[in-house]
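Shown next, in structure tokens, is the structure this report addresses.
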Amino acid sequence: QSQLVESGGGLVQSGGSLRLSCSASGFTYYAIGWFRQAPGKEREGISCTSSSGAMKKYADSVKGRFTISRDNAKNTVYLQLNGLQPEDTAVYYCAAGRSKQTSLRAQSTCDMTLSSVGTWGQGTQVTVSS
């Protein structure tokens, strides 16, 4: 059964780092995105990678600090979080696109919008203390 399971969240001091993992069993040919939702705020897309890993996108708020990668042999997508700040505190979710990327062109695209999501993981909490 296809599912997404996040891990790696935790409590870290300002300036610290974490590496989030998304076990994406059954989603090798899907674009994967990372989203986050802070208390009282809407869920937002922060990064995505195409199924091939050729395309990677970042929100301006995390560009230069977060790095997305994927290892399709391990069915895992990672999000390296560096330079964490208190405003990064949120529940972080990985999510798969609505459909398989079957063409070479599609395999080099990804989307960070909520409407692009077909399957959500359960989320992992990241808390950054000042």
Side-chain angles (χ1 to χ4, degrees):
Q1 183 177 355
S2 300
Q3 63 178 351
L4 300 169
V5 181
E6 302 93 334
S7 61
L11 174 64
V12 64
Q13 290 187 333
S14 181
S17 297
L18 286 172
R19 189 176 79 158
L20 306 183
S21 297
C22 173
S23 174
S25 177
F27 291 103
T28 302
Y29 295 102
Y30 288 75
I32 300 291
W34 283 96
F35 297 75
R36 68 184 180 184
Q37 188 165 18
K41 295 188 176 182
E42 295 184 351
R43 193 171 298 189
E44 62 172 345
I46 56 173
S47 185
C48 67
T49 178
S50 61
S51 57
S52 69
M55 171 61 73
K56 300 174 183 179
K57 294 182 181 178
Y58 301 94
D60 288 343
S61 58
V62 306
K63 197 173 295 182
R65 299 188 299 126
F66 293 4
T67 303
I68 193 170
S69 61
R70 70 188 296 162
D71 184 339
N72 283 338
K74 296 182 178 179
N75 293 321
T76 303
V77 178
Y78 304 97
L79 188 67
Q80 179 69 39
L81 286 60
N82 295 331
L84 284 163
Q85 299 300 317
E87 53 266 34
D88 295 315
T89 295
V91 178
Y92 284 69
Y93 301 88
C94 66
R98 293 184 178 275
S99 59
K100 285 185 178 180
Q101 295 184 324
T102 56
S103 69
L104 287 177
R105 180 177 181 178
Q107 290 169 11
S108 295
T109 63
C110 71
D111 192 335
M112 294 188 294
T113 61
L114 295 175
S115 62
S116 71
V117 175
T119 304
W120 290 98
Q122 85 288 351
T124 186
Q125 177 71 46
V126 172
T127 302
V128 185
S129 63
S130 58

Counting distance only, does the side-chain N/O of [X] pair as donor-acceptor with the main-chain N or O of [Y] below 3.5 Å?
| X | Y | answer |
| --- | --- | --- |
| Gln37 | Val91 | no |
| Gln107 | Gln101 | yes |
| Arg70 | Gly53 | no |
| Asn72 | Ser52 | no |
| Ser50 | Met55 | yes |

[X]-[Y] co-clustered via ILVMFWY side chain contacts under 4.5 Å:
| X | Y | result |
| --- | --- | --- |
| Ile68 | Val62 | yes |
| Tyr93 | Leu81 | no |
| Phe35 | Phe27 | no |

Close side-chain approach of [X] and [Y], heavy atoms under 4.5 Å:
| X | Y | value |
| --- | --- | --- |
| Ser129 | Gln13 | yes |
| Arg43 | Leu114 | yes |
| Trp34 | Glu6 | yes |
| Leu18 | Val126 | yes |
| Ser47 | Lys56 | no |
| Ile46 | Leu79 | yes |
| Val5 | Gln122 | yes |

(request) Under the salt bridge (Lys or Arg N to Asp or Glu O under 4.0 Å) rule, collect the residues that match up with Arg98, sequence neighbours excluded. (result) none

(request) With sequence neighbours excluded, tell me which residues meet salt bridge (Lys or Arg N to Asp or Glu O under 4.0 Å) with Asp111. (result) none

Can you give me the closest heavy-atom contact between [X] and [Y], atom names plus distance?
| X | Y | result |
| --- | --- | --- |
| Ile32 | Ala24 | CD1-CB, 4.4 Å |
| Arg36 | Ser61 | NH2-OG, 3.6 Å |
| Thr109 | Ala106 | OG1-O, 2.8 Å |
| Ala95 | Val117 | CB-CG1, 3.5 Å |
| Gly83 | Ser17 | N-OG, 4.3 Å |
| Thr119 | Leu4 | O-CD1, 3.3 Å |

(message) Over 60° means perpendicular and under 30° means parallel, so tell me whether Tyr92 and Phe66 are parallel, tilted or perpendicular.
(response) tilted

(request) Evaluate whether atom NZ of Lys100 has more than 12 neighbouring non-hydrogen atoms of other residues, nucleotides or ligands under 6.0 angstrom away. (result) no

(request) Establish, for the pair Arg19 and Tyr78, whether the NZ or CZ atom is under 6.0 angstrom from the six-membered ring centre and no further than 45 degrees off its axis. (result) yes

(request) Only pairs at least two apart or in different chains count here, so list each side chain to side chain donor-acceptor pair (under 3.5 Å) that has a residue in residues 20-31. (result) Thr28-Asn75

(request) Hey, could you give me the CD/OG1 distance between Gln125 and Thr89, rounded to the nearest 0.5 Å? (result) 7.0 Å

(request) Look up atom OG in Ser7 and atom CG in Leu20, then write down how far apart they are to the nearest 0.5 Å. (result) 8.0 Å

